Amino acid sequence: MESRDEIKVSLMTKRNLGKGRIPNTDYKDRVFVLTRGKLSYYEGNLSKRGKLKGEIPLSAVKVIEKVDDDLLPKDFPKDNCFQVCYEDSLTLYIMANDKQEQEEWVSLMQEACKNNNGLLPMFHCGVWQGGQWSCCRQVDKNAPGCKPAFTQRSPADKENGSSTTNNRRPGKVKKDPLPAPPVPVHAKRPLPAPPPAAKVVVAVYDYEPSQPGDLELKKGEEYTITDNSRTHWWKALNREGVQGFIPSNYVQEKTEKGLIGEGWYCKDMSRQRAEALLKQEDREGCFLVRDSTASPGTLTVSVLCKTPQTTVRHYHIKQNPRDSKYFLSEKYTFPTIPELINYHQHNGGGLVTRLRLPPAALTGYAPATLGFSQDKWEISSTELTLMKPLGSGQFGVVRLGKFQGRMLVAVKTMREGSMCEDDFIEEAKTMTKLQHPNLVQLYGVCFKERPIQIVTEYMCNGNMSSYLRSKGRELAEDRSPLVDMCQQVCSGMEYLERSQFIHRDLAARNCLVGEHNIVKVSDFGLSRYVLDDEYTSSTGSKFPIKWASPEVLEFSRFSSKSDIWAFGILMWEVFTLGKTPYPNLNTTDVVRQVTHGKHLDRPQRCPHGVYRIMKQCWEKDPMRRPTFKDLQGQIEDIQEKDYCE
Ligand code: ADP
């Protein structure tokens with residue numbers, strides 16, 4: 001009779017463990033019993049159980065997987081074999097009576113052991129025989145497995161025939177709950193940290209997988225994160241139980257206010273960016289909801305009103321302390337924010353105008369992913385199709401390209417001899433890990449063949465300097481797009497500062513503009529690999545003297561503070577709509593001016609508040625210059641407006 005805590009009992013055949021001095025591979029029928037904490041096997045049969053012959057604590061289990069029928073040696077008496085590896089290197093091979101029984105045992109044991117500390121990520125789907133593994137032909141018995149174990153596979157991946165909880169067939173399993181996860185045992189080998197607790201996120205953009213193992217994301221749908229131990233690529237499960245990698249910046253954690261996935265909600269958006277976006281759309285009632293920068297914890301509705309003249313109004317969403325209901329106007333209160341928005345989309349309700357649709361840019365724009373997929377930064381030239389030239393610079397020609405025939409990218413082909421290639425390749429791996437909405441994403445490098453090609457995010461409006469010259473007049477009609485551009489560069493630079501990464505060549509020409517006036521900083525750190533003395537030496541003809549701080553000119557001392565100086569010059573470029581700084585001075589005069597503390601004048605259309613920021617960047621003493629973090633706050637304050645009640 002089975003006792004109450006027995007989960008499954010079967011009479012199956014086991015292979016001798018071969019623990020003795022003379023390995024002997026004989027086979028025995030045993031009664032296998034799975035309980036909450038262990039797998040035991042007995043002599044006898046199902047109606048009369050005999051002596052206990054062996055016991056494996058489930059907490060010691062490292063692998064539970066099927067063995068491929070095709071890879072079983074001839075001396076195995078049956079198919080339907082599965083393996084239980086445990087402790088240091090013991091493997092028990094058990095042959096079930098049919099496929100269903102094999103499937104049930106593997107499923108139940110994987111479920112019972114899934115939280116074990118010592119689980120191995122890879123396993124052998126064959127057996128060790130004749131001095132090699134029958135699956136991968138490796139000749140070292142301790143060689144790591146050749147197939148990903150169940151913890152690494154997506155449930156849909158039935159390649160190995162190993163089941164998971166998702167494709168488990170119901171069997172003659174007792175109704176008892178599954179065993180509690182065993183107490184973790186201390187593993188002898190360092191093992192990857194167990195994944196942190198699952199959290200539920202909502203996709204804020206669609207994502208189409210670019211590599212096998214990626215998971216498709218559909219905007220607005222929920223996903224469970226099963227592993228977020230890496231920063232940029234997480235493992236997630238969709239509702240159908242399919243698991244795969246997703247770019248972490250395409251999802252947001254579900255919040256108690258339930259706004260993620262709403263087309264009008266944008267979590268991290270500055271007031272400047274909101275104003276610029278809304279004005280660009282230029283539609284009455286165009287609106288968005290964002291987290292207030294002025295009062296953290298509060299949400300703000302920003303809405304465009306076109307009469308009597310175009311303005312953006314900002315309303316704080318307030319909460320009634322008595323019943324916790326939300327309101328913009330005290331007369332109309334709602335239990336949730338989506339209901340409040342819905343009401344004001346149909347009624348003015350005291351606002352300057354009725355809310356209509358959010359800006360298209362908010363719904364249509366997906367950020368760059370970090371690299372093409374997890375761990376892929378080395379790109380093969382066969383994956384790239386080169387198209388029209390976009391421009392040429394210090395290192396060579398930049399072309400529009402397609403990655404795997406579908407994703408637009410920019411490909412910079414490095415002129416041979418223009419850069420210190422080995423050092424750059426080494427560094428590129430780190431640089432692909434830098435990710436921010438205001439940095440041009442470095443996707444990867446194609447370096448197996450020469451010339452080297454650098455593959456980055458494509459920015460459809462080219463470099464900011466030319467953009468300012470051609471589109472500047474339009475932008476300057478209202479100063480907020482210009483402040484917004486500075487704010488975006490400042491955000492990207494604040495991230496570099498936080499990552500202790502020095503740009504060394506910040507200028508409007510090294511920023512790129514995408515759709516909807518998105519500005520991103522590019523070419524960060526590249527100047528270190530240039531082999532041309534005319535560019536690297538402060539006395540060289542190509543050295544960016546007009547962006548260089550006094551300590552760079554005198555001692556080549558680069559730091560985040562020298563980036564700050566260059567940022568001040570960049571702001572000046574923005575507010576002159578792309579003029580070259582110190583227009584009438586030659587380089588010797590510029591050096592003289594800068595080292596004597598004389599600065600650029602205030603551009604004509606530049607507000608005094610903005611010019612004050614530039615002047616702080618041009619403090620002679622680097623320590624007296626602000627940080628990018630300081631500047632972010634200051635730029636935010638430039639347009640401080642009273643919030644509407
Ligand atoms: P530089 O060496 O002068 O910094 P680059 O070699 O980076 O210039 O690029 C030359 C020109 O090619 C840029 O000024 C820009 O117009 C264009 N370009 C470079 N990268 C991109 C990109 N990612 N997307 C669109 N255009 C780009």
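Computed from a predicted structure; not experimentally measured.
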J.: Assess whether a salt bridge exists between Lys306 and Asp282, defined as any Lys/Arg side-chain N lying under 4.0 Å from an Asp/Glu carboxylate O.
T.: yes
J.: Looking at Asp505 and Arg509, is any side-chain nitrogen of the basic one under 4.0 Å from a carboxylate oxygen of the acidic one?
T.: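 Salt bridge: yes.
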J.: Does Arg239 come within less than 4.0 Å of Glu221, counting only side-chain N to carboxylate O?
T.: no
J.: Please tell me if the side chains of Leu304 and Lys279 come closer than 4.5 Å, counting only heavy atoms from C-beta onward.
T.: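 Sidechains of Lys279 and Leu304: in contact.
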J.: Is the number of heavy atoms from other residues, nucleotides or ligands within 6.0 Å of CZ (Arg612) greater than 12?
T.: no
J.: Starting at CD1 of Ile613, measure out to CD1 of Ile564 and round the result to the nearest 0.5 Å.
T.: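 Going from CD1 on Ile613 over to CD1 on Ile564, the span is 10.5 Å.
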J.: Given 3.5 Å as the limit, does a donor-acceptor pair link the side chain of Asn463 with the main chain of Asn510, or not?
T.: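 Flag not set: sc Asn463 to bb Asn510 has no pair under 3.5 Å.
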J.: Do Tyr443 and Phe403 have their ring centres less than 6.0 Å from each other?
T.: no
J.: Quick check: do Leu215 and Asn238 have side-chain heavy atoms less than 4.5 Å from each other?
T.: yes
J.: Stepwise, does the salt bridge (charged side-chain N to carboxylate O under 4.0 Å, His left out) test hold for Lys412 with Asp523?
T.: CA-CA 11 Å; Lys412 198 183 268 195; Asp523 287 345; 2.8 Å; yes
J.: Test your reading of the model: is there a side-chain donor-acceptor pair from Asn347 to the backbone of Tyr343, 3.5 Å cut-off?
T.: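 Yes.
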J.: Distance-only, no hydrogens or angles: does the Trp565 side chain make a donor-acceptor pair with backbone N or O of Ala548 under 3.5 Å?
T.: yes
J.: Mind telling me whether Trp618 and His599 have parallel, tilted or perpendicular rings, with 30° and 60° as the class edges?
T.: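 Ring orientation, 0 to 90° scale: tilted.
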J.: Can you check whether Pro359 reaches Leu288 side chain to side chain, under 4.5 Å on heavy atoms?
T.: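 Touching, per the 4.5 Å side-chain cut-off.
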J.: Considering non-hydrogen atoms only, spot the tightest contact between Ile569 and Lys546 and give its length.
T.: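 So the two residues come closest at CD1-O, 3.6 Å.
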J.: Rounded at 0.5 Å granularity, tell me how far CG in Leu468 sits from CD in Glu573.
T.: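 Spacing of CG (Leu468) from CD (Glu573) equals 8.0 Å.
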J.: So Pro335 and Leu340, do their side chains get closer than 4.5 Å, heavy atoms only?
T.: no
J.: Quick check: Tyr205 with Tyr250 (ring centres under 6.0 Å apart)?
T.: yes
J.: Report the relative orientation of the aromatic rings in His436 and Tyr495; use parallel for angles under 30°, tilted for 30 to 60°, perpendicular for over 60°.
T.: tilted
J.: Apply the test salt bridge (charged side-chain N to carboxylate O under 4.0 Å, His left out) to residues Glu457 and Lys520: give CA-CA distance (whole Å), side-chain angles for both, the deciding distance (0.1 Å), then the verdict.
T.: CA-CA 10 Å; Glu457 182 180 355; Lys520 303 194 182 200; 2.7 Å; yes
J.: Just checking, any donor-acceptor pair under 3.5 angstrom between side chains of His314 and Arg290?
T.: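 There is such a pair between these side chains.
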J.: Step through it carefully: locate the ring centre of Tyr332, locate the ring centre of Phe327, and say whether they are under 6.0 Å apart.
T.: no
J.: Got a salt bridge between Arg271 and Asp484, using NZ or NE/NH1/NH2 to carboxylate O under 4.0 Å?
T.: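 Salt bridge between Arg271 and Asp484, a charged N being under 4.0 Å from a carboxylate O: no.
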J.: About how many Å separate CZ of Arg313 and OG1 of Thr300, when rounded to the nearest 0.5 Å?
T.: 13.5 Å
J.: Just how far is it from atom CG of Asp563 to atom SG of Cys617, taken to the nearest 0.5 Å?
T.: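 Going from the CG atom of Asp563 to the SG atom of Cys617 covers 11.0 Å.
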